[in-house]
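Here the structure is laid out as structure tokens; the discussion comes afterwards.
Below, read A as the first sequence line, B as the second, and so on, with proteins coming before strands; counting in each chain starts at 1.
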Number of protein chains: 2
Amino acid sequence: MFNFATLKTKMKKDVSTEQKIKDAARKVFMTKGFSGCTTREIAKSVGINVALLNYYFRSKGKLFELILEAALSDFIESMVDVFQQDLPLEDKTRMLIDKEFEFLRKHPELPLFIHAGLNQESDAELDQSKFLGRLHKTGIFEECEKAQAQGHMRKVNMINVTLLFMSNCHFPIMSKKLICGIYQIDDNEHEARLNEHKEIVKEMLINYLFPNTNKHA
Amino acid sequence: MFNFATLKTKMKKDVSTEQKIKDAARKVFMTKGFSGCTTREIAKSVGINVALLNYYFRSKGKLFELILEAALSDFIESMVDVFQQDLPLEDKTRMLIDKEFEFLRKHPELPLFIHAGLNQESDAELDQSKFLGRLHKTGIFEECEKAQAQGHMRKVNMINVTLLFMSNCHFPIMSKKLICGIYQIDDNEHEARLNEHKEIVKEMLINYLFPNTNKHA
DNA sequence: ATCGATTTTAAACAATTGTTTAAAATAAGT
DNA sequence: ACTTATTTTAAACAATTGTTTAAAATCGAT
């Protein structure tokens, strides 16, 4: 008789142990950082032995690099999604900010983890070069250059454009502890400020980058 | 005969050991984070025994809290300096951005250290409440409220104003590794982008916050 | 049922961790 | 010079670290 299970050669459980380790490692690394946690802590949260962690991944550092690279990829991919939409550049801009705030609300630890992780002196330097290619393939750079040549978009270096977006989308999420601490507000109030901030950022960036089409916005 | 040395009761050397430890701890903590370094590493960089570190400060955690609090204070103070200037609000805004970029160029590790440090689960929660008072005493909030009531300044919650400033000044500094990695640029190119970005941010924020006086800027 | 490969575990490894203790060196006061 | 207090050190502490080894359990196919 036909055995369905033989099809999935490597999947013996609902979720493979390897994936479960990755998930747990991601969560722990995100909140505590590389040197802020132990391999035993990760293993315990999965419910497995420490040695199994080194059986699947060679070392703590190797596992961390994997998680960091995946996080960076998520980051880029959340932008790529928007760039690939068939929309006017200005609408893409609005959509990018909306999606970015939405994405970061679900993964608020991501930005700080990535920046802190990159500053960590890792054994092997992380190869980020592929991400540039990933962005290039969406044609967003050419689209901006064209809009700049036609006077629709303000002539600003693409690195500075990137900085404008990331600054205004990522920082408000990363700075939660600092803002709540200084202004003595709770999570609800911070959430409200964040919602308002999204609209502020949208208007400010659109007005700055597309001044001709939005003179009196 | 009069002994001059008796005047400085506690200062026996050019720089006290206590201060030397603080300086070294600041440098090491900044670059490696709390759990990314060891007390022996700090002691070694000062040229003293590990035990002496616990003699002056009670523990590694206590020393870290001291450094983190000082860093946060530096942060706030760099803003307070500008707020206390006798200048029109719009000029203060320009000056704030200039000073902030200048200050952060000298202490580029500060923002990331503070945000990562605050997310670290420290034994005693850091008391940031005093910083709000420190800002209030400059009268900057009243000045903004007045400008908003008179229609000079856009009506935006002060928390959102703070977010706008910090986002656009701090993030570009914090994100150096990420930006250089993605766009494959070196330190010189990044420096150039940063210089240009300062002017971009200045114009964008001024135009957004003071739209009536800067319609065609 | 049996064999071979894969997966998982318990135990131990040496190295490093933050912290403490008790002794030594230095400074200060008389 | 002597005594006392302060500063500094060497050594040891128990606990924890990442990693490895060798044995046990589980699985897949015959």
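Checked against salt bridge (Lys or Arg N to Asp or Glu O under 4.0 Å), A:Glu69 has the following partners two or more places apart in sequence or in another chain: A:Lys130. For B:Phe34, the ring pair (Phe, Tyr, Trp, His ring centres under 6.0 Å) partners at least two apart in sequence or on another chain are B:Phe64. Here B:Asn49 pairs with nothing under the side-chain hydrogen bond (donor to acceptor under 3.5 Å, both in side chains) rule; sequence neighbours left out.
Between A:Leu53 atom CG and C:dA10 atom P there is a gap of 15 Å when expressed in whole angstrom units.
Side-chain contact of B:Glu143 with B:Thr138: a donor-acceptor pair under 3.5 Å is absent, judged by distance alone. Defined by atom type and a distance below 3.5 Å, a donor-acceptor pair is missing between the side-chain atoms of B:Asn188 and B:Arg193.
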Show me, pair by pair, the donor-acceptor contacts under 3.5 angstrom made by side chains of residues 78-85 of chain A, not counting sequence neighbours?
unit_1, atom_1, unit_2, atom_2, d
A:Ser78, OG, A:Phe75, O, 2.8
A:Ser78, OG, A:Glu100, OE1, 3.4

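No engagement by B:Phe57 is indicated, since no non-hydrogen atom pair under 4.0 Å with the nucleic acid exists.
One finds no salt bridge joining A:Lys106 and A:Asp74 here, because no Lys/Arg side-chain nitrogen approaches an Asp/Glu carboxylate oxygen to under 4.0 Å.
Here A:Thr17 does not reach the OP1 or OP2 of C:dT7: none of its side-chain N or O atoms lies under 4.0 Å away.
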>> Walk along nucleotides 13-25 of chain C from 5' to 3' and tag each nucleotide B, S or - by protein heavy-atom contact under 4.0 Å, base first, then sugar-phosphate.
In response: ----BBBBB----
> Can you give the dot-bracket line for DNA chain D, where a pair is Watson-Crick or G-U wobble with both atom distances under 3.5 Å, crossing pairs use [ ], and | marks a partner on another strand?
Replying inline: ||||||||||||||||||||||||||||||
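The ring of A:Phe101 has its center no closer than 6.0 angstrom to the ring center of A:His170.
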